[in-house]
Amino acid sequence: MRIVVTVFRKDADFLDSKLDVSEIGLAAAAGLAGIPAERFLDAYPLDGNRAAALTRLTGIAFDLDTYEYFLEPEAD
């Protein structure tokens, strides 16, 4: 399983891009989503706190004013 962040412009309804953040691992991704690892099955919105935590783990900067971000699993 890969872990990705899907990116959507706030003024559009289509996928803008996808970022592979698999290096954080399943446990960290589930922790960010606030669920047990075995339940990490859906898309979880990144709010300010979750985005800041993910920035610390990955170094990726998030523009929450322009985009909506979702953390989600993806099949390999």
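This one's a predicted model, so the numbers in the text were calculated from it and none came from an experiment.
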Could you state the interatomic distance from [atom1] ([X]) to [atom2] ([Y]), rounded to the nearest 0.5 Å?
X     : Y     : atom1 : atom2 : answer
Phe40 : Ile3  : CZ    : CD1   : 5.5 Å
Met1  : Leu26 : CE    : CG    : 4.5 Å
Glu68 : Leu46 : CD    : CG    : 11.0 Å
Leu57 : Glu23 : CG    : CD    : 8.5 Å
Leu19 : Thr58 : CG    : OG1   : 8.5 Å
Asp47 : Tyr69 : CG    : OH    : 13.5 Å

Under a 4.5 Å cut-off applied to non-hydrogen side-chain atoms, are [X] and [Y] in contact?
X     : Y     : result
Leu41 : Ile35 : no
Leu54 : Ile60 : no
Tyr44 : Asp42 : yes

Do you know the tightest heavy-atom contact between [X] and [Y]?
X     : Y     : result
Ala30 : Ala37 : CB-CA, 3.5 Å
Phe62 : Val5  : CE2-CG1, 4.2 Å
Glu72 : Thr6  : OE2-OG1, 2.8 Å
Val4  : Lys18 : CB-CG, 3.8 Å

Are Asp20 and Arg2 within salt-bridge range, i.e. N to O under 4.0 Å?
yes
